[in-house]
Amino acid sequence: MPKVLVSDPIDQVGLDIISQVAQVDVKTGLPAEELVKIIPEYDALMIRSGTRVTKEIIEAGTQLKIIGRAGVGVDNVDVPAATRQGIVVVNSPQGNTIAAAEHAIAMMLALSRHIPEANVSVKSGQWNRKQFIGVEVYKKTLGIVGLGKIGSHVASAAKAMGMKLLAYDPFISQDRAEQLGCRLVDLDLLIRESDYISLHMPKTEETYHLINAQALAQMKPTARIINCARGGIVDEVALAEALKNDQIAGAAVDVYENEPLEENSPLRELGQKVILTPHLGASTEEAQVNVAIDVAEQIRDVLLGLPARSAVNIPGLYPDALEQLKPYLQLAETLGNLVSQLVGGRVDFLDIRLQGDLANRDSKPVVVAALKGLLSQALRERVNYVNATIEAKERGIRVIETRDASVCDYTGSLHLEAKGSLGTHSVTGALLGDREIRVTNIDDFPINVPPTRYMLFTLHRDMPGIIGKIGSLLGSFNVNIASMQVGRKIVRGEAVMVLSLDDPLPDGLLSEIMKVAGIRDAYTVTL
Ligand SMILES: NC(=O)C1=CN([C@@H]2O[C@H](COP(=O)(O)OP(=O)(O)OC[C@H]3O[C@@H](n4cnc5c(N)ncnc54)[C@H](O)[C@@H]3O)[C@@H](O)[C@H]2O)C=CC1
Ligand SMILES: O=C(O)CCC(=O)C(=O)O
């Protein structure tokens with residue numbers, strides 16, 4: 001039975017799902033050294049934001065097939081290291097959207113009305129109403145940075161409270177912003193004109209310290225900033241300075257550059273101008289159930305050999321689309337494997353042509369599947385959907401992808417041409433009845449054969465007696481022929497012969513075949 005390590009608190013409903021197929025060990029709060037020590041025995045790792053999955057942990061996880069992040073942000077996982085090792089990384093892109101958006105709104109209101117301090121004050125026996133005069137958000141301008149899932153929900157809620165909305169997001173359209181009632185503006189303008197700024201973008205190289213001393217200096221002295229996105233997007237030292245010097249009016253922070261927040265962080269000393277929560281954005285009962293189910297199902301599926309629906313390091317596909325494309329992925333992988341064996345040595349160049357209906361589909365997964373097949377001879381089980389593209393790139397394989405919707409012999413077909421150190425070969429394949437794979441062309445010779453485990457291909461002169469000779473030769477080596485087909489362009493010209501064999505070709509037989517008069521070339525293929 002596979003083993004799954006759960007290293008952060010995860011709702012029981014998720015653990016129950018994984019338990020259907022694996023042994024689940026819950027060990028939270030482990031130091032990194034301990035994780036490195038125990039990870040080799042696990043097939044999957046399930047985390048929230050508490051575990052930092054470093055390169056060291058990933059490299060030690062030699063059995064790991066999947067890392068599941070029960071949440072959105074995967075910045076606590078070294079995704080490139082996981083990709084290189086062929087480990088799929090999945091998340092729950094939507095499970096905690098509402099929770100995080102509501103937390104940002106709650107922070108904005110709590111900050112405006114001094115709720116945390118007023119609460120502490122009353123509970124300590126005081127009745128000090130003057131000290132806690134707040135401000136309204138009605139008719140104030142909210143600048144939303146990152147108008148994705150959470151940012152959009154914040155926009156709807158803020159609009160309902162009568163706020164004016166500005167948004168900055170370099171990747172969304174004017175139309176989408178307008179739909180949400182936001183004016184799409186540049187970041188400088190948003191920073192200068194907003195009364196509240198709420199951050200909802202991922203932490204990336206571009207967003208690291210995006211809100212720095214310079215940006216804070218441009219904000220209105222009455223403005224307040226809310227960070228429920230990621231620590232590090234705001235420069236915490238600069239923020240503390242800006243608050244101390246009354247450059248801005250307040251800040252509400254849920255996420256920190258280092259979590260847990262350091263004891264001596266300057267943010268802790270700023271009184272009621274600052275509200276700090278310990279990364280609670282996703283901490284609702286509903287969100288924790290959602291993300292636990294979402295990620296646990298993906299871990300279960302991957303351990304059962306099924307695809308994950310929200311993988312961040314393989315081409316994303318919605319389950320319905322994946323279901324439809326699955327036979328084509330199998331076709332692409334088979335053809336990639338076949339053409340690499342025909343070429344023999346190193347492959348330098350692969351031309352992938354999607355034909356017919358396939359030309360109108362999402363090509364990315366098909367290309368990845370073809371590369372996986374192409375590299376499977378060299379890398380065996382080390383290559384998978386996660387690392388095929390990176391492995392191909394590192395091996396200097398140039399990939400060209402073309403589309404030709406006008407080819408209509410089959411509903412959809414795929415043509416691969418590979419150039420390598422030992423020559424160039426091409427194969428075409430299609431699906432019969434939407435499921436069964438057929439190889440329909442080899443090196444421009446029309447054929448129609450189902451791929452089988454052991455195959456023999458010959459290029460020969462189309463002349464009487466040659467097929468019989470090959471048959472007798474195989475028989476003399478006790479190799480049983482399951483099926484045989486010949487393809488030719490012109491009578492008595494060149495032809496290809498494709499034999500499906502019940503057994504692998506024994507040593508020495510290929511060179512005997514090459515000696516038969518009229519045989520130009522012969523290749524064995526194991527699929
Ligand atoms: N505090 C918490 O507990 C939680 C925090 N989060 C964090 O919230 C953030 C947003 O999550 P979602 O809305 O689900 O993600 P999303 O992917 O739906 O939206 C992110 C948006 O940011 C935009 N963006 C990317 N680079 C940008 C840049 N340089 N400037 C401005 N916008 C940029 C993207 O175009 C996208 O529209 C993530 O960082 C996530 O990790 C999410 C859930 C809970
Ligand atoms: O696991 C958590 O509670 C944090 C959630 C979060 O930050 C995220 O989903 O990006």
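Both ligands and their constituent atoms are indexed starting at 1 by order of listing.
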- Looking only at protein heavy atoms, what sits closest to atom 4 (C) of ligand 2 is His279 NE2, 3.3 Å
- Note on the structure: Nearest non-hydrogen protein atom to atom 19 (O) of ligand 1, with distance, is Gly148 CA, 3.3 Å
- Message: With heavy-atom distances below 4.0 Å as the criterion, list the atoms of ligand 2 near Val72.
- Response: 8 (C), 9 (O), 10 (O)
- Message: I'd like to know whether ligand 1 has Gly71 as a neighbour, heavy-atom separation below 4.0 Å.
- Response: no
- Task: Would you mind listing which atoms of ligand 1 come within a distance below 4.0 Å of any non-hydrogen atom of His279?
- Result: 1 (N), 2 (C), 3 (O)
- Nearest neighbour of atom 5 (C) of ligand 1 from the list Ala100, Cys228, Gly281, on a heavy-atom basis: Cys228
- Thr207 neighbourhood, listing ligand 1 atoms whose heavy-atom distance to it stays under 4.0 Å: 28 (C), 29 (N)
- Item | Short N or O distance, Val255 and ligand 1, threshold 3.5 Å exclusive | no
- Query: How would you list, by chain and number, every residue that makes a side-chain contact (heavy atoms from CB on, under 4.5 Å) with Leu306, sequence neighbours excluded?
  - Reply: Asp301, Leu304
- If you measure every N/O of Pro170 against every N/O of ligand 1, is any gap under 3.5 Å? no
- Message: Out of all atoms in ligand 1, which are within 4.0 Å of some heavy atom of Gly73? Include the element for each.
- Response: 41 (O)
- Between Glu136 and Lys140, does at least one N-O distance fall below 4.0 Å, as a salt bridge requires? no
- State whether the side chain of Arg268 and the backbone N or O of Leu261 hold a donor-acceptor pair below 3.5 Å, judged by distance alone. yes
- Task: Look at atom 7 (C) of ligand 1 and say which protein heavy atom is nearest, naming residue and atom and giving the distance to 0.1 Å.
- Result: Ala229 O, 3.5 Å
- Message: I need the nearest protein heavy-atom contact for atom 8 (C) of ligand 2: residue, atom name and distance, please.
- Response: Arg69 NH2, 3.0 Å
- Message: I need the contact type for Arg230 against ligand 1. Using non-hydrogen atoms and a strict under-4.0 Å cut-off, is it side chain, backbone, both or neither?
- Response: side chain
- Message: Could you work out, with side chain to side chain donor-acceptor pair (under 3.5 Å) as the rule, every residue matching Asn290, not counting sequence neighbours?
- Response: none
- Message: I need the contact type for Asp8 against ligand 2. Using non-hydrogen atoms and a strict under-4.0 Å cut-off, is it side chain, backbone, both or neither?
- Response: neither
- Shortest reach to atom 13 (O) of ligand 1 by a heavy atom, considering only Val145, Ile150, Val74: Ile150
- Message: Under 4.0 Å between a side-chain nitrogen and a carboxylate oxygen: does that hold for Arg183 and Glu193?
- Response: yes
- Could you find the nearest protein heavy atom to atom 3 (O) of ligand 2 and give me its residue, atom name and distance? Arg48 NH2, 2.7 Å
- Note the single closest protein heavy atom to atom 26 (N) of ligand 1, along with its residue, its atom name and the distance in Å. Phe171 CE1, 3.5 Å
- Task: Could you tell me the residue and atom name of the protein heavy atom closest to atom 39 (O) of ligand 1, and the distance to it rounded to 0.1 Å?
- Result: Met201 O, 3.0 Å
- Message: Geometry only, no angles: is Asp254 polar-contacting ligand 1 at N/O separations under 3.5 Å?
- Response: yes
- List every atom of ligand 2 that sits less than 4.0 Å from any heavy atom of Ser49, numbering the atoms from 1 in the order shown and giving each element. 1 (O), 2 (C), 4 (C)
- Output the list of atoms in ligand 1 that are nearer than 4.0 Å to some heavy atom of His200, sorted by atom number. 10 (C), 20 (C), 21 (C), 22 (O)
- Message: Can you name the atoms of ligand 2, numbered from 1 with element, that are less than 4.0 Å from a heavy atom of Ala282?
- Response: 3 (O), 5 (C)
- Query: Would you say ligand 1 has an N or O under 3.5 Å from any N or O of Asp169?
  - Reply: yes
- Should we count CD of Glu56 as having more than 12 external heavy atoms under 6.0 Å? no
- Under a heavy-atom criterion of less than 4.0 Å, does Thr97 contact ligand 1? no
- Heavy-atom nearest neighbour in the protein, as seen from atom 17 (O) of ligand 1, with distance rounded to 0.1 Å: Lys149 NZ, 3.8 Å
- Query: Considering distance alone, does some N or O of Gln288 sit under 3.5 Å from an N or O of ligand 2?
  - Reply: no
- What protein heavy atom sits nearest atom 43 (C) of ligand 1, and how far away is it? Asn96 OD1, 3.3 Å
- Check each atom of ligand 2 against the heavy atoms of Gly71 and keep those under 4.0 Å away; list them by number with element. 9 (O)
- Are any of the N/O atoms in Ser283 less than 3.5 Å from those in ligand 2? no
- Task: Please could you name the atoms of ligand 2 that Gly73 approaches to less than 4.0 Å, counting only its heavy atoms?
- Result: 8 (C), 9 (O), 10 (O)
